[in-house]
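Right, I'll just put the structure down here and ask away after.
Both backbone and side-chain heavy atoms feed into the values below; hydrogens, waters and symmetry mates do not.
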Amino acid sequence: MGKMQLLFSNEVTLDDNRSMRLEYKITENLKADSGEPYYGIQIAKYLGNNVEIDEIKGISYSKVKVEAIIKILYENVVTPISMVEIIDDLITLEAV
């Protein structure tokens, strides 16, 4: 188990006036063979008594890069269900 740090949190009021909280966290794990840290993202959605969490481990060895991706997710109120596709799109656009 690696480290995890909360970077951003959003409170969103839905159309039906329910409140949803989103937490955006950076994760840090160590590569088994070298001990080098690699970084990932976890988003947690809290809606009433329901919790939805998704995580991608090992997006990059660059903490700065992963923090920049998390900031984009936070600013666009991305939920766990769409996180994987959006991160894939962001990384693909960066490679062009």
Side-chain angles (χ1 to χ4, degrees):
M1 183 72 184
K3 299 177 189 175
M4 189 176 308
Q5 177 186 0
L6 176 67
L7 294 185
F8 300 102
S9 182
N10 267 345
E11 285 285 337
V12 180
T13 301
L14 303 175
D15 291 337
D16 61 3
N17 288 326
R18 291 183 299 160
S19 182
M20 171 178 69
R21 187 173 85 247
L22 295 166
E23 293 182 348
Y24 302 86
K25 300 173 185 175
I26 187 167
T27 63
E28 178 183 333
N29 291 285
L30 299 178
K31 191 173 175 187
D33 58 347
S34 68
E36 184 178 7
Y38 61 93
Y39 301 93
I41 298 172
Q42 182 187 87
I43 299 178
K45 176 178 119 178
Y46 301 91
L47 181 59
N49 292 329
N50 297 319
V51 179
E52 181 182 320
I53 297 174
D54 202 358
E55 180 177 351
I56 301 175
K57 295 182 180 181
I59 293 173
S60 177
Y61 290 105
S62 169
K63 185 175 185 179
V64 172
K65 178 178 179 178
V66 175
E67 287 174 339
I69 292 171
I70 293 172
K71 185 175 182 187
I72 292 169
L73 299 176
Y74 161 74
E75 290 172 345
N76 291 282
V77 193
V78 173
T79 61
I81 195 134
S82 59
M83 176 182 75
V84 173
E85 292 175 19
I86 292 172
I87 290 173
D88 184 49
D89 289 346
L90 290 169
I91 291 172
T92 300
L93 287 172
E94 182 182 277
V96 174

- Item | Aromatic ring pairing Phe8/Tyr74, orientation class (parallel under 30°, perpendicular over 60°, tilted between) | parallel
- Any idea which heavy atoms bring Ile56 and Thr27 closest together, and the distance? O-OG1, 4.3 Å
- Message: Return the CE to CD distance between Met83 and Gln42, rounded to the nearest 0.5 Å.
- Response: 8.0 Å
- For the atom pair CD (Glu23) and CD (Glu11), what is the distance rounded to the nearest 0.5 Å? 9.0 Å
- CG of Asp16: more than 12 outside heavy atoms within 6.0 angstrom? yes
- Qualifying residue, where the test is side chain to side chain contact (heavy atoms under 4.5 Å, CB included) with Asn10 and the options are Val77, Leu73, Thr79: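 Of the listed options, the one satisfying the test is Val77.
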- Message: Show the nearest heavy-atom pair for residues Ile70 and Tyr24, with the distance to one decimal.
- Response: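 Nearest pair, atom of Ile70 first, then Tyr24: CG2-CB, 3.6 Å.
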- Enclosure of Leu30 CG (heavy-atom neighbours >12, cutoff 6.0 Å): yes
- Among the clusters formed by ILVMFWY side chains lying less than 4.5 Å apart, do Met20 and Val51 turn up in the same one?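 No, no single cluster joins them.
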- Query: Going only through I, L, V, M, F, W and Y residues with side-chain contacts under 4.5 Å, is there a path from Leu6 to Val64?
  - Reply: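 Each belongs to a different hydrophobic cluster.
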- With a 4.5 Å heavy-atom cut-off, do Tyr39 and Glu67 have their side chains touching?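 Not touching, per the 4.5 Å side-chain cut-off.
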- Rounded distance [0.5 Å steps], NZ in Lys63 versus CD in Gln5: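 Rounded to the nearest 0.5 Å, the NZ-CD separation comes to 5.5 Å.
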- Task: Drop me the distance from Thr13's OG1 to Arg18's CZ, to the nearest 0.5 angstrom.
- Result: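 Rounded to the nearest 0.5 Å, the OG1-CZ separation comes to 11.5 Å.
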- Nearest heavy atoms of Pro80 and Asp54, plus distance in Å: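 Between these two residues, the closest heavy atoms are O-OD2, 3.5 Å.
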- Query: Does atom CG of Asp33 have more than 12 heavy-atom neighbours, drawn from other residues, nucleotides or ligands, at distances under 6.0 Å?
  - Reply: yes
- Same cluster for Leu47 and Ile53 if Ile/Leu/Val/Met/Phe/Trp/Tyr side chains link at under 4.5 Å? no
- Query: What distance do Ile81 atom CD1 and Ile43 atom CD1 have between them, rounded to the nearest 0.5 Å?
  - Reply: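 Going from CD1 on Ile81 over to CD1 on Ile43, the span is 11.5 Å.
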- Query: Would the number of heavy atoms belonging to other residues, nucleotides or ligands and lying under 6.0 Å from CD of Glu36 be above 12?
  - Reply: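 Correct, the count exceeds 12.
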- Message: With side chain to side chain contact (heavy atoms under 4.5 Å, CB included) as the test, pick out the partner of Ile91 among Ile87, Leu93, Asp88, Asp89.
- Response: Ile87
- Query: Are Tyr38 and Val66 co-members of a hydrophobic cluster defined by side-chain heavy atoms under 4.5 Å apart?
  - Reply: no
